[in-house]
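This structure is a prediction, so every number in the text was calculated from the model and none was measured. Heavy-atom basis, side chains included; hydrogens, waters and symmetry copies ignored.
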Amino acid sequence: QVAYASHIHVTGYAGEANHASYLSFLKKVKEDTQATVSFDVGWDPTEEWKPEICQLFPYIDVLFMNQTEAANYSRKDSPREAAEEFARTCGMAVVKLGRSGSIAVKDGTFSQAAPYPVEAVDTTGAGDSFNAGFIYGFLKGKDVEECLKCGNGCGALSVTALGGNTGFPNEETLKDFIAAREGR
């Protein structure tokens, strides 16, 4: 039940088709619970990229977009500019850059994390895996850069096997993977 959740992840935004219901839901979550909210906008199937999406941002603690989504919704030249704009109204804006790693802006502070190169077998689910890793770090109280590393690690491991979540790591595997890549 939502009332007892400590964190809620939302995705599936489809512009005008569900904007009002998402806005109503997010407002209700913030009014009725202490839960933090993460939101992955996902691909706009209409490709209209309506700026009204920004009405949702005040109710979102962690906003996720990929590089293309960020460019289309913000109409900015760079992912960093997009993240900076979005972070003015949401808790934190995170942009997934695929093979280039990831970036985030929180409280006006820019953070980034390099990618973890792997041999990609299937990219299905990489973005969702990144989100899960980032939220893992977020819920563990890690700083933004460490959250980005957790996201990058989960996304990287995810693409090493066929299927959307076959390569997704457990906590120990993620820690070992990051430590090996960071030289720890």
Side-chain angles (χ1 to χ4, degrees), residues 1-2 4-15 17-18 22 25 29 35-47 60-73 79 82-83 86 90-104 106 111-184:
Q1 206 183 64
V2 172
Y4 301 109
S6 62
H7 184 82
I8 298 170
H9 181 73
V10 182
T11 191
Y13 183 75
N18 62 7
Y22 271 67
F25 173 74
V29 166
T36 52
V37 175
S38 57
F39 182 76
D40 188 321
V41 299
W43 190 258
D44 180 355
T46 68
E47 295 192 30
I60 298 169
D61 299 289
V62 182
L63 174 68
F64 292 111
M65 291 189 187
N66 68 31
Q67 187 170 353
T68 303
E69 294 157 351
N72 285 322
Y73 276 118
F86 298 146
C90 69
M92 173 180 358
V94 179
V95 182
K96 299 172 274 191
L97 305 175
R99 291 182 178 163
S100 297
S102 56
I103 62 171
K106 179 181 179 184
S111 300
Q112 66 183 36
Y116 298 118
V118 294
E119 184 71 33
V121 174
D122 182 359
T123 60
T124 304
D128 292 332
S129 294
F130 173 92
N131 295 350
F134 188 97
I135 293 302
Y136 158 79
F138 177 78
L139 295 175
K140 290 285 191 175
K142 296 180 181 290
D143 66 30
V144 177
E145 186 178 340
E146 288 298 314
C147 292
L148 290 169
K149 289 178 182 182
C150 290
N152 288 350
C154 285
L157 287 166
S158 170
V159 304
T160 63
L162 288 174
N165 64 4
T166 308
F168 193 79
N170 62 26
E171 184 175 32
E172 199 60 37
T173 301
L174 176 63
K175 287 179 179 179
D176 291 346
F177 177 81
I178 292 172
R181 298 311 185 275
E182 300 284 320
R184 294 187 234 163

Do [X] and [Y] have side chains that approach each other closer than 4.5 Å (heavy atoms only, starting at C-beta)?
X: P115; Y: R99; value: no
X: P169; Y: F177; value: no
X: L148; Y: V94; value: yes

Identify the two heavy atoms, one from A113 and one from E145, that lie closest to each other, and give their separation to 0.1 Å. CB-O, 4.4 Å
Between A126 and V159, the two heavy atoms sitting closest are CB-CG1, 3.6 Å
Which value, rounded to the nearest 0.5 Å, describes the distance between [X] atom [atom1] and [Y] atom [atom2]?
X: C154; Y: I135; atom1: SG; atom2: CD1; answer: 11.5 Å
X: M65; Y: N72; atom1: CE; atom2: CG; answer: 10.0 Å
X: N66; Y: F130; atom1: CG; atom2: CZ; answer: 11.0 Å
X: K106; Y: S111; atom1: NZ; atom2: OG; answer: 9.5 Å

Please identify which of these residues, F39, F134, F86, meets the ring-ring contact (aromatic ring centres under 6.0 Å, His included) condition with F64. F134
Main-chain N/O of [Y] paired to [X] side chain as donor or acceptor, under 3.5 Å:
X: Y22; Y: T11; result: yes
X: D122; Y: G163; result: yes
X: D40; Y: G127; result: no

Check V144, D61, L63 against M92 for a side-chain contact (heavy atoms from CB on, under 4.5 Å) and give me the one that passes. V144
Evaluate the criterion side-chain contact (heavy atoms from CB on, under 4.5 Å) for residue pair T68 and W43; output intermediate values, then yes/no. CA-CA 9 Å; T68 303; W43 190 258; 3.6 Å; yes
Take S129 and N165 through the test side-chain contact (heavy atoms from CB on, under 4.5 Å) and record every step on the way to the result. CA-CA 7 Å; S129 294; N165 64 4; 5.6 Å; no
Is it the case that the side chains of N170 and T173 hold a donor-acceptor pair, with the cut-off being a distance below 3.5 Å and no angle test? yes
Taking 4.0 angstrom as the limit, do E146 and K149 come out as a salt bridge? yes
